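Presented below is the structure to which this report refers.
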Amino acid sequence: MKVQQISIFIENKTGRLAEVSRVLGEQGVNIRALSLADTSDFGILRLIVDQTELAREVLKKEGFTVSKTEVIAVEVPDRPLGLHSILDILDQGKVNVEYMYAFVERCGENAVIIFRFDNLEEAIRVLTASNVHVLPGERIYGM
Amino acid sequence: MDTVEQISNAPEKGRIWDPVNECLDRQELEALQLERLRSTVRRVFDKVPCYQDKFSLLGLQAGDIRSLSDLAKLPFTTKEDLRLNYPYGMFAVPLKEVVRIHSSSGTTGKPTVVGYSRRDLQTWTDIVARFMTAAGVTEEDIVHIAFGYGLFTGAFGLHYGAERIGASVIPMSSGNTEKQLMIMQDYRSTALVCTPSYALTMADKLARQGTDPASLALRIGLFGAEPWSEEMRREIESRMQIIATDNYGLSELMGPGVAGECLYRCGMHIWEDHFIPEIIDPETGEVLPEGSIGELVLTSISKEAFPMLRFRTRDITRLNYSKCDCGRTHVRMQKTMGRTDDMLIIKGVNVFPSQIEEVLFQVEGCEPHYQLVIERVGNMDVLGVQVEVNEKIFFDEMKKQRAFVDRVEKRLASILGVGAKVKLVEPTSMPRHEGKANRIIDKRHL
């Protein structure tokens, strides 16, 4: 049910993002989803890739600070109120979202939302109880 | 500190080597200091050309020193004076009365040469016996000395002091950690004398060998000759399972034994019947009020061969004259906080890089690489602390990452007394150099 995500500390200066994509690309790592949270000084780049361990290793070797976190991916119909239906369930279940990001699947019918929760287990319980489609990690890595 | 009681063979707190002199009341102590100071001043005025020149420049006569407060009238002595008078120019007795010569490592230029008369060696041995007793060493102990024997004062100072107490001394000298540990195990050393960093090297080696430190007979560590933090003390104590004590000295004044900690461990007692300490502002030379942080200045008042008036130690500390629970009346100096060479003045506040290290250690329990950048924006100094991110202080959530920065900034402001802006940077973005000087970028061009 859980998806492995890597987070990378990026200093806010030119060329650092390109350096990450170069390092991953050269090792044949494919990025499935990404989000960037930033401040004026630094940013936190979060990635879901097809080869998590390899990506983590090569980035560390290049001197980046990398951490691994677990997130969940939820599939929703790509239409108005699609996102809202999920947020509503979480709200009813009193589950707090730390952060989230989303992308649309290749076929275009569904969207995938990546969530980070404080309490992952509780979130999974609430979502599955409401018949929300929580995607296994393999689905995302192999997209 | 509670750890003292937790160790089963813990040293006794109550022992005092020389109860009469170590517990003199302030009035008696000051009377003795004045008498000894006046005789030292007369002697250097008669015998040491460097001091004759300094006195005449100030229009000062030996007889002008009538009270302890007149100390401030005396000229300072600096490392530079010793260099200019290399090798024997500062000696106050003819060489035939000198029975020992030591030397400090000369990191810049020539080393400093110091001499001891027979009575000086007795004094030295006696004050080392005082601080070793204060740290809990008794005639029952087996004292393992892992300082290098040679020109450096460390090994010989501790050696004779331990013998005076009646302890069994192992003159191990430095190096060959494996052999050190074998002897320590087989001879059942109970007290270890070395630098604090070497104690950690030994702890590493023990861990690699898979030796349980509790299987050693070791109970006390007497560490000195380099600055170390309270965190380092805790690390040594937990990894070696001993009581770690601090002592202070410098060859220009005597060597180790100028000051040492008792087992209450709330500062090192400076043996005031032999040395008079002052705290000055390193910039202006002005004597600072009691309790201030500043440069330690020491005057020797009993030495024959190599007397020093107001020697600028360049060590930063503060003095505490309140009575210690151990019963000794001699003033305590705090662990040194750095060297005057490292001191920065930011918005008029004296700041030491070691304080910043301490804060970084306290906040996350690790010592990340950091760099200080001082800029002048308008007429205001701005202190920036760049901290390299590592896995321990990297959080995937922005809220937590920001909270970390806030925590460090708040702590810095309260410890330094001046605000600092913390900026997180990627690892390896700072040059890796030895020494602290490279950790400071002062862009103020003052």
Side-chain angles (χ1 to χ4, degrees), chain A residues 2-20 23 33-49 52 55-72 96-101 114-120 123, chain B residues 356 359-361 363-375 377 380 382-413 419-433 438-439 441 443:
Chain A
K2 294 170 191 167
V3 180
Q4 303 292 331
Q5 172 195 261
I6 56 172
S7 304
I8 304 136
F9 180 89
I10 308 251
E11 221 178 295
N12 205 345
K13 60 185 183 194
T14 50
R16 297 311 291 161
L17 269 174
E19 182 64 12
V20 174
V23 169
L34 75 82
S35 101
L36 181 67
D38 69 323
T39 69
S40 57
D41 289 343
F42 66 87
I44 301 169
L45 175 65
R46 303 176 187 122
L47 300 176
I48 298 173
V49 297
T52 310
R56 192 173 162 202
E57 247 170 67
V58 294
L59 286 169
K60 276 175 99 165
K61 214 154 101 193
E62 290 294 321
F64 285 97
T65 302
V66 187
S67 74
K68 202 166 80 176
T69 32
E70 287 180 325
V71 291
I72 29 187
N96 191 24
V97 178
E98 289 294 343
Y99 58 79
M100 54 167 284
Y101 50 104
I114 309 289
F115 283 105
R116 167 73 187 170
F117 300 105
D118 242 0
N119 188 341
L120 225 55
Chain B
I356 290 156
V359 168
L360 292 175
F361 192 96
V363 174
E364 283 307 310
C366 58
E367 278 173 356
H369 278 276
Y370 69 92
Q371 200 164 45
L372 306 183
V373 182
I374 306 120
E375 286 174 286
V377 180
M380 290 289 273
V382 178
L383 170 63
V385 181
Q386 300 194 344
V387 179
E388 276 190 6
V389 163
N390 61 42
E391 280 178 31
K392 277 191 190 157
I393 58 171
F394 174 46
F395 305 92
D396 156 69
E397 287 159 34
M398 191 54 89
K399 192 171 66 186
K400 290 184 184 162
Q401 195 68 69
R402 299 295 310 228
F404 169 77
V405 171
D406 282 351
R407 221 158 46 233
V408 177
E409 284 184 346
K410 284 211 180 82
R411 187 98 191 121
L412 281 171
K421 169 106 179 68
V422 171
K423 184 182 175 192
L424 298 175
V425 298
E426 284 174 24
T428 68
S429 50
M430 289 168 201
R432 292 284 190 277
H433 291 302
N438 298 304
R439 291 190 152 172
I441 300 168
K443 294 182 176 168

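A note on names: the letters A, B, ... follow the listed sequences, proteins ahead of strands, and every chain is numbered from 1. Being a predicted model, the structure only gives us computed values, none of them experimental.
- For the atom pair CZ of F394(B) and CZ of F42(A), the computed distance is 9.0 Å after rounding to the nearest 0.5 Å.
- No option in E388(B), E391(B), E426(B) other than E391(B) meets the side chain to side chain contact (heavy atoms under 4.5 Å, CB included) test with T65(A).
- At a 4.5 Å heavy-atom cutoff, the contact between K60(A) and chain B is made by side-chain atoms alone.
- Ranked by heavy-atom pairs under 4.5 Å with chain A, the list D396(B), V405(B), V389(B), L424(B) is led by D396(B).
- For a residue to count as touching a neighbouring chain, one of its non-hydrogen atoms must lie under 4.5 Å from one of that chain's; by this rule D38(A) touches chain B with the backbone only.
- Chosen from S7(A), G43(A), A37(A), S67(A), the residue pairing most often with chain B at heavy-atom distances under 4.5 Å is S7(A).
- Shortest non-hydrogen contact noted between E397(B) and R46(A) is CA-NH2, 4.2 Å.
- Interatomic distance, CD1 of I44(A) versus CE of M398(B), reported as 4.0 Å (0.5 Å rounding).
- Shortest non-hydrogen contact noted between G63(A) and P427(B) is O-CG, 3.1 Å.
- Residue contact with chain B, scored on non-hydrogen atoms closer than 4.5 Å, involves the side chain of T69(A) exclusively.
- Both the backbone and the side chain of F9(A) come within less than 4.5 Å of a heavy atom in chain B.
- Heavy-atom minimum distance, V422(B) versus D41(A): O-OD2, 4.5 Å.
- For I8(A), the part lying near chain B is the backbone, with the side chain staying farther off; criterion is any non-hydrogen pair under 4.5 Å.
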